[in-house]
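Every number for a ligand or one of its atoms is a count from 1 in the order of the listing.
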Amino acid sequence: MPKFPRFILGVSVAASVLLVLPSIAQAQKTKKPAASTTKTLDQRLDELIAQMTLEEKIGQLNQYTGDAATGPAVTDNNKLSQIQKGQVGSMLNVKGAARTRALQAEALKSRLKIPLLFGLDVIHGYQTTFPIPLGEAASWDLAAIRQSAHIAAREAAAAGQHWTFAPMVDIARDPRWGRVMEGAGEDPYLGSQIAKARVLGFQGEQLGGTDAVMACAKHFAAYGAAIAGRDYNAVDMSERALWEVYLPPFKAAADAGAATFMNSFNELNGIPATGNSYLQRDILKGQWNFQGFVVSDWGSIGEMIAHGYAKDNKEAALEAITAGSDMDMESRSYGPNLPALVREGKVPEALINDAVRRILRKKFELGLFDDPYRFSNEKREKQVLADPQSRAIARDVARKSIVLLKNDNNVLPLSKQAKTVAVIGPLGQSKTQHLGFWNVSTDSTQVVSLYEGLQNKLGKTAKLLYAKGCGITGDSQAGFADAVKTAQQADVVVMAVGEARDMSGEAKSRAEIYLPGQQEELIKAIVQTGKPVVVLIMAGRPLIFNWTADHAPAILYTWWLGSEAGNAMADVLVGDYNPAGKLPMSFPRSLGQIPIFYAAKSTGRPSANDKDTNYRSAYLDMPNSPRYAFGYGLSYTTFDYSGLTLSTKQLKKADKLTVSFTLTNKGKYAGEEVAQLYLRDVVGSVTRPVKELKDFQKVMLKPGESKTITFTLDQDKLAFYNPSMKWTTEPGEFRLMIGSAASDIRLEDKFELVD
Ligand code: GLC
């Protein structure tokens, strides 16, 4: 969690409000002024850059933190006077219209009056907190995900922010890595779709509105493949894996118009991403023609010394600017060293000019040169942050993120006749925990706990009991007896277990990803009472909970759901919302299976099933299959898949394949199903995964209703990187699978791709 030491900048909040009062009155009279000139943006850029000294240019490449540290704490280095001299281009962790206005006023004292960019980690909400991104990914609902990002942007922009350091689009296949909570899981296709939705949600169709902020695709690249799931650890992978698995969501973000990228802490194949020209210049700014700018991660330029890639900050600055890292977040390498490097002829001033131009272009596009205070309007901030509609939408996105893992004997939805409901577990009355690791809003009193959500839902018809049972961590079972006694008084028990929010997130890798503490023992004690038990697991990552999976009759995976957590969970528990979430990551049975993911290779000795181990690629002591598969999630109803048809069995190159089937709701609840389409290219010039997600549709069906679902596959969905890394298709057999999960294929057919 960001720490919030008080006056890093030496300018107290009180003083800053005094500083800005006159200009607030003045600003509130003005609308967004039309551009103050008929000159083109490039003309304005040329003119401004021509006036700038080398120090002023390098000042634009400098980013400092303001009121919080979201990395190794730093000492103040007299930032305020640097801001006043135009030696700072951006500030992060400065919150609120008043605060940002005050600092903007200081920046406008500089010779050229170049406004600051304000950035913040608005990862899943600003004032209204939405589910953690991995939870939202479980909704597979791109419209909902986009709307969530839009509301986050609208609130952040109203509170003075120009820029969010999101979406995090790192593919992750190792749940020991704490930052899985921040992304969209293991799959490049789903991850790419979600990356696009989030960028468009944050930025809108075009930058410049005061209800949108710049997005930042991060962390470029392959940060999620840290060896052993240990944060910041080295990454070593083939070119093929990089291009097939880890780059696609970044490409999708760039194609969606992401204004900025953030590079990553890790080294990639021996070269730190921050100093990696292949990533930043060849791929991003070269092949992908990216016109935005790249910000380093916190201190990552200077960390190239620790990597053993630079001998000091001067060499780190040289490596980073040469490799295409445009802005230095808090490593303080650029400011003190780039002027000398340019004057010594080691860094062409053209590189500085390119970086400055990229950054200033965004300031122009945001309208900051026409009105530097346009995002810092306290009246708008108050209105937008108080909008009740935002919480209503947050509740809806939260419900959509919940995954039903098990529901034996239809324990769920809870009977409306239940007279006494016991909420048991250390997370039953939690509020703060639902905010997740990267929350911005600090008012956890506004979060609805599970207990409160059930109170709101059932308070008039049922009696609610509560027992904590045990801590999230710790060995004490002292609360068990009381918890068992409480359970025995109830018609049904709702258990709330999982991680603390700071057990996932940055620098929160865990080697043992079980339910922490005595929580699974508590579940055992409650299940052994014989009462109907529903277990809600709240966490930022896949956890291992085999006893619970085998013995608890019903399990909901609720991630961290944000401000409306309790109401969303209650909606699902009583059946006012039929859960439709699907897992965006495989859940392992054992640590020994990690990394585990569905798009695996066949091998020369594939294991046909969990018992087929004789001279097979399998474990002696554990099935190959995950506990719960990618794409898995149940509903209160059931869906039938039938009538698969393909437009052809001989698909010519350049033609498209139309696939259709009938989806029927066989149960008594209306509900949504995420129908998933997987392909396998059976024989290739390089081996291909046994299945790859190529499309999906989320469909609402009333009881008994059927719909024809149609997918269209273009050639790009059949393509892959051949041995010389050329993106191409090859003739041959493809297996087509339609399923409710990677492990639950309902319809299958094959077709031939012919020249
Ligand atoms: C952190 C994170 C990054 C974040 C940045 C600013 O270290 O790695 O995701 O955006 O610093 O807080």
Which of the atoms in ligand 1, numbered in the order shown and given with their element, are less than 4.0 Å from a heavy-atom of Thr70? 1 (C), 6 (C), 7 (O), 11 (O), 12 (O)

Pull out every atom of ligand 1 sitting under 4.0 Å from any heavy atom of His219, numbered as shown with elements. 3 (C), 8 (O), 9 (O)

Answer yes when Asp170 and Arg179 have at least one side-chain N-carboxylate O distance shorter than 4.0 Å, and no when they do not. no

One thing to verify: whether Glu378 and Arg101 come together as a salt bridge, which I'm taking to mean a side-chain N less than 4.0 angstrom from a carboxylate O. no

Do Ser325 and Asn263 have side-chain atoms, one donor and one acceptor, less than 3.5 Å apart? yes

Shortest protein heavy-atom distance from atom 1 (C) of ligand 1, along with the residue and atom involved: Glu506 OE1, 3.2 Å

Whether Glu564 side chain and Ala394 backbone form a donor-acceptor pair below 3.5 Å: no

Go through ligand 1 atom by atom and flag the ones less than 4.0 Å from a non-hydrogen atom of Phe265. 7 (O), 8 (O)

Answer with side chain, backbone, both or neither: which part of Arg179 has a heavy atom less than 4.0 angstrom from an atom of ligand 1? side chain

For Phe165, the ligand 1 atoms with a heavy-atom partner under 4.0 Å come out as 10 (O)

Show your working on ring-ring contact (aromatic ring centres under 6.0 Å, His included) between Phe130 and Trp559 and close with a plain yes or no. CA-CA 11 Å; Phe130 285 78; Trp559 317 102; over 10 Å; no

Which residue and non-hydrogen atom of the protein lie closest to atom 4 (C) of ligand 1, and at what distance in Å? Asp121 OD1, 3.1 Å

Ligand 1 to Trp298, heavy atom cutoff 4.0 Å, flagged ligand atoms 7 (O), 11 (O)

Are Glu330 and Arg332 close enough for a salt bridge, meaning some N to O gap below 4.0 Å? yes

Between Met168 and ligand 1, find which residue part has any heavy-atom pair under 4.0 Å and reply side chain, backbone, both or neither. neither

Can you check whether Arg374's main-chain N or O pairs, donor with acceptor, with Arg380's side chain at less than 3.5 Å? yes

Check each atom of ligand 1 against the heavy atoms of Met262 and keep those under 4.0 Å away; list them by number with element. 3 (C), 10 (O)

Determine, for Arg176 against Asp174, whether the closest basic-nitrogen to carboxylate-oxygen distance falls under 4.0 angstrom. yes

Counting heavy atoms under 4.0 Å, the part of Leu92 that contacts ligand 1 is side chain

Indicate yes or no: does an N/O atom of Asp297 lie under 3.5 Å from an N/O atom of ligand 1? yes

Has Asp326 got a side-chain atom pairing as donor or acceptor with Leu61's backbone, closer than 3.5 angstrom? no

What atoms of ligand 1 come closer than 4.0 angstrom to any heavy atom of Lys218? 3 (C), 4 (C), 9 (O), 10 (O)

